[in-house]
Amino acid sequence: KLTGNSRKIANSHFMDKFYSGDGPVISIDTAEAGYPIVISLDYGDSTVTRNGKVLSGTIIMEISGDKHTDGATRIVTYENFFVDSVSLSGSKSEVFNITADSILVITSSGNIVLTLPDGSTITAVTEKQRTWIEGDDTPFVHDDDILQVTGKTVFTTSEGESFVKEIITPLLRTGDCRNFVQGTVQYVQDGVEVAVLDYGNGECDEVANLTTADGETVEIELKAGKSHGQNDNAKNNGKGKTNGKGKGNGKG
């Protein structure tokens, strides 16, 4: 279900995430000059994904300019949006800046509130910065990419509990590796450090080391080390992402 200038999304794999291609109603409004662009994803009262999640409500994305335009922004807002019975409200934004050395820096912030069926809430406040140290000027060559990530996310419950995930040594990602290859992430619960995740010394592999508060270190299994196209999406979208899998969660 597409309205407006929706050809690019129609030709993507986006609709493959939904049963029989019955995805959201996608509306794209574009100014004559190309920007700003407003994209609306309307999931209606019930849209079922292939993994069984039921989505409803609307997601709106506003893009002011190309990511290589200094000062361009991208803002995502959730309106009456639900995943199953969990409500998600708030917004997140990205600001794209170009340094004097022509390095792309993406500053992200977000304030998202999850409301559970019992009425309790979890608020996630995020501040993050991604810096394309190398490789942004070669969009079709990914082996030369070097991406640095800093920042933190603070989770707070309506009961007053808090959980902080903070990058204490910048995370480093190279174009030929699916996972971060360097950097450390600290996890703090109610003001007390509970663990530190260490991605290593720059080698592309499938492991990270998690050290708990009592000094015990365990090995965390990540996804397969070598990239198989995931960086293509990261580069085209101005993002970098990695997920842990197996014994633990290797998210940064």
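By convention here, the first residue in the shown sequence is residue 1.
Heavy-atom minimum distance, Asp45 versus Ser56: O-CB, 3.4 Å. Here the closest non-hydrogen pair linking Asp70 and Ile98 is OD1-N, 2.9 Å. Contact detail for Gly191 and Ser162: the closest heavy-atom pair is N-OG, 4.3 Å. Closest non-hydrogen pair, Ser46 versus Val54, comes out as OG-CG1, 3.4 Å. The nearest pair of heavy atoms linking Asp205 to Asn179 is O-ND2, 3.1 Å. In this structure, Ser91 and Thr77 approach most closely via the heavy-atom pair CB-OG1, 3.9 Å.
Contact annotation: the side chain of Lys92 approaches that of Tyr78 to within less than 4.5 Å [non-hydrogen atoms, C-beta and beyond]. Looking at heavy atoms from C-beta onward, Thr58 lies out of side-chain contact with Asn80 at the 4.5 angstrom threshold. Considering only heavy atoms from C-beta on, Val185 stays 4.5 Å or farther from Val196 through its side chain. Contact annotation: the side chain of Thr107 never approaches that of Ser109 to less than 4.5 Å [non-hydrogen atoms, C-beta and beyond]. Residues Asp84 and Phe82 fail the side-chain proximity criterion, which asks for heavy atoms closer than 4.5 Å.
Asp214 CG to Thr211 OG1: the interatomic distance, rounded to the nearest 0.5 Å, is 9.5 Å. With rounding to the nearest 0.5 Å, the separation of OG1 in Thr69 from CD1 in Ile63 is 12.0 Å. Between atom OG1 of residue Thr47 and atom NZ of residue Lys53 there is a gap of 15.0 Å, rounded to the nearest 0.5 Å. Summarising the geometry, atom OG1 belonging to Thr217 is positioned 11.0 Å from atom CD belonging to Glu219; distances are rounded to the nearest 0.5 Å. With rounding to the nearest 0.5 angstrom, the NZ atom of Lys67 is 10.0 Å from the CD atom of Glu94.
Ring planes of Phe163 and Phe155: tilted class, angle from 30 to 60°.
One N or O on the side chain of Ser158 and one on the backbone of Thr121 form a donor-acceptor pair closer than 3.5 Å. Between the side chain of Thr99 and the backbone N or O of Asp101, at least one donor-acceptor pair lies under 3.5 Å. Between the Thr115 side chain and the Gly119 main chain, no donor and acceptor come within less than 3.5 Å of each other. The closest donor-acceptor contact from the side chain of Arg74 to the backbone of Phe96 lies at 3.5 Å or more, if one exists at all.
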For a side-chain hydrogen bond (donor to acceptor under 3.5 Å, both in side chains) check, start with the C-alpha distance between Asp118 and Ser120, then their side-chain angles and the critical distance, and finish with the verdict.
CA-CA 6 Å; Asp118 63 3; Ser120 61; 2.6 Å; yes
Working for side-chain hydrogen bond (donor to acceptor under 3.5 Å, both in side chains), residues Asn209 and Asp198:
CA-CA 5 Å; Asn209 290 318; Asp198 187 346; 5.8 Å; no
Show your reasoning for whether side chain to side chain contact (heavy atoms under 4.5 Å, CB included) applies to Ile37 and Ile28.
CA-CA 7 Å; Ile37 299 173; Ile28 302 179; 3.9 Å; yes
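Looking at Thr153 and Thr126, their side chains do bring a donor and an acceptor atom within 3.5 Å of each other. In this model, a donor atom of one side chain and an acceptor atom of the other lie less than 3.5 Å apart for Thr174 and Asp176.
Counting heavy atoms of neighbouring residues, nucleotides and ligands inside a 6.0 Å radius, atom CG of Asp190 exceeds 12 of them. By the 6.0 Å contact criterion, CD on Glu193 is enclosed, its count of non-hydrogen atoms from other residues, nucleotides or ligands being greater than 12.
For the side-chain contact (heavy atoms from CB on, under 4.5 Å) test, residues two or more places apart in sequence or in another chain that qualify with Thr73 are Ser64, Val95.
Taking hydrophobic clusters as Ile, Leu, Val, Met, Phe, Trp and Tyr residues chained together by side-chain heavy-atom distances below 4.5 Å, Leu55 does not share a cluster with Ile60.
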